[in-house]
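Report on the structure given below.
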Amino acid sequence: MIIVKDLHKKFAGNHVLRGVNYHVHQGEKIVVVGPSGSGKSTFLRCLNLLETPTSGEIWFDGQRINDKNVNINQVRRHMGMVFQNFNLFNNLTIMDNITLAPVKLKIMKEEEAKEKALQLLARVGLTEKADAYPSSLSGGQKQRIAIVRSLAMSPKVMLFDEPTSALDPEMVGEVLEVMKELAETGMTMVVVTHEMGFAREVGTKVLFMDEGIIMEENTPSEFFSNPKSPRLQEFLSKVL
Amino acid sequence: MEWFHSVQQWFLSVQDKFYMAFIEGDRWKLYFKGLGVTLEVSLLAAVLGVVIGTILAFMKLSMRKSGKPTLLARIAGIYIDIIRGTPSVLQLLIMWFVVLKSWRSGVLVAGITFGMNSGAYVAEIVRAGILAVDKGQTEAGRSLGLNQVETMRYIVIPQAFKNILPPLGNEFIVLVKETAIVGYVALSDLTRVASQISTKTYEAFMPLIGAAVIYFIITKILSILLGILERRLRKSDNR
Ligand SMILES: Nc1ncnc2c1ncn2[C@@H]1O[C@H](COP(=O)(O)OP(=O)(O)OP(=O)(O)O)[C@@H](O)[C@H]1O
Ligand SMILES: [Mg+2]
């Protein structure tokens, strides 16, 4: 579903991604871990071209998307993204946050979008917040709404960049729970996280990123019980 | 009783001066006419300033994919530099005697000049207001498939508006006072009227203080209105 070929990204001389190759298949839950600054976010953001790759290829659904002739806005409709800082639209109510894109992009009629929003809100237990503004919500609530906002576009894949890192510890669980439920629906997911429990439980593959490459890739059980590279062994000894 | 007499004299002379400055020959009407000119120029300039400033701001914000400024951004930058780097009196004289030489309406020329001048300052206000909106808002919009214009329109600009309004109001207040130089192009605004009357009556104090008081009242009213508007906006933010 997503194919990454020899992806490089430089920021003004800082060579962050140094040749990433990966293939995400339909229905997989790829969990990406690695030390801070290793390029996890950059990798994820290259997948929907929030960052423009310096070189290499990104393929989505059989189409090369880092190509001048591709309408990236069209592509992004099918790729949801959840950010560390939620990034709910502060000027809009929760309902409008969720329905803005589907309605303005003429994917759904307003009534239809609202109905879908309410269904999704019910799924995360936040129906009563429909008319609230983001600033009145807790971090955990915001992140659940952010997930719902992406889901309202019926994406084919969901990208998560440390969705629980900005949360108070007692709110991490409620967000992970929503993500688990989403995983169970068969959604294809790429998740950057420090939650090793989630990686173990939900991941179909775990990737270790370090020094701008995918240094190791394995099934969760192998990944955690039998790490091969010394860097991963060192990393795991710190985080587990 | 010497002192009583001199106080009495003083009061009489003040009364006299007041009479000369405002009452005699219905002079007070002149002040109001002057104020009218001041407000006309200010209003025209404010509207034009917002339009020009907004256009300049978006020009200046435009970037190439490489992150370098576009030609439009450079042009806007140069315009802003020139306006901010030269005295507004000179800008006014240049417009009146050179660029728009054939135009008859001083109000129009002054309004355009101050509008172009104010636009440079408004541009920076608008630009700063837009840049102050968290980048994450844009990224979230774009990640949903909204294009740049849609993201700006539905997400960034409504939020930037709240940042922009207070300094924009201040700019308008400054503008009202700045227009006090339109006498240079033979416009009888409030300041010029006051100075003409003081020449005519050989008495400077009353007309000049009178004009100052009127300016003060106008700007005070404006800043009170602005305060109310700001509080309204903040309330809608208090969710
Ligand atoms: N927009 C940018 N401009 C310049 N440098 C950047 C930019 N974004 C990221 N970098 C640099 O790229 C490197 C990798 O950053 P990235 O955010 O991808 O790391 P990460 O693995 O997500 O780290 P963390 O776990 O802290 O989120 C860092 O050195 C960072 O400073
Ligand atoms: Mg990161």
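Proteins come first, then strands; the chains are lettered A, B, ... in the order of their sequence lines, and each starts at number 1.
Aromatic ring pairs are classed by plane angle as parallel below 30°, tilted from 30° to 60° and perpendicular above 60°; the pair B/Trp28 and B/Phe32 is perpendicular.
Proximity to chain B (any heavy atom under 4.5 Å) is shown, for A/Leu159, by neither the backbone nor the side chain. Contact of B/Asn147 with chain A is made through backbone and side chain together, with heavy-atom distances under 4.5 Å. Looking at B/Gln137, both its backbone and its side chain come within 4.5 Å of chain A, counting heavy atoms on both sides. With a threshold of 4.5 angstrom between heavy atoms, A/Phe89 approaches chain B through its backbone and through its side chain.
Among the candidates B/Pro158, B/Gly141, B/Ala140, the residue making the largest number of heavy-atom pairs closer than 4.5 Å to chain A is B/Ala140. Of the listed residues (A/Leu88, A/Asn48, A/Val82, A/Asn71), the greatest number of heavy-atom pairs within a distance under 4.5 Å of chain B belongs to A/Leu88. Of the listed residues A/Met153, A/Arg149, A/Gln84, A/His78, the one with more heavy-atom pairs under 4.5 angstrom with chain B than any other is A/Arg149.
A donor and an acceptor atom, one from each side chain of B/Gln91 and B/Thr86, are located under 3.5 Å apart. Side-chain polar atoms of B/Thr38 and B/Thr179 form no donor-acceptor pair below 3.5 angstrom.
Considering A/Val4, A/Ile65, A/Asn66 as possible partners of A/Phe60, the one that fulfils the side chain to side chain contact (heavy atoms under 4.5 Å, CB included) test is A/Ile65.
Taking the ring axis of A/Phe11 as reference, the NZ or CZ atom of A/Lys9 stays within 45° of it and closer than 6.0 Å to the ring centre.
Taking a cutoff of 4.0 Å between a charged side-chain nitrogen and a carboxylate oxygen, A/Arg123 and A/Glu181 do not qualify as a salt bridge.
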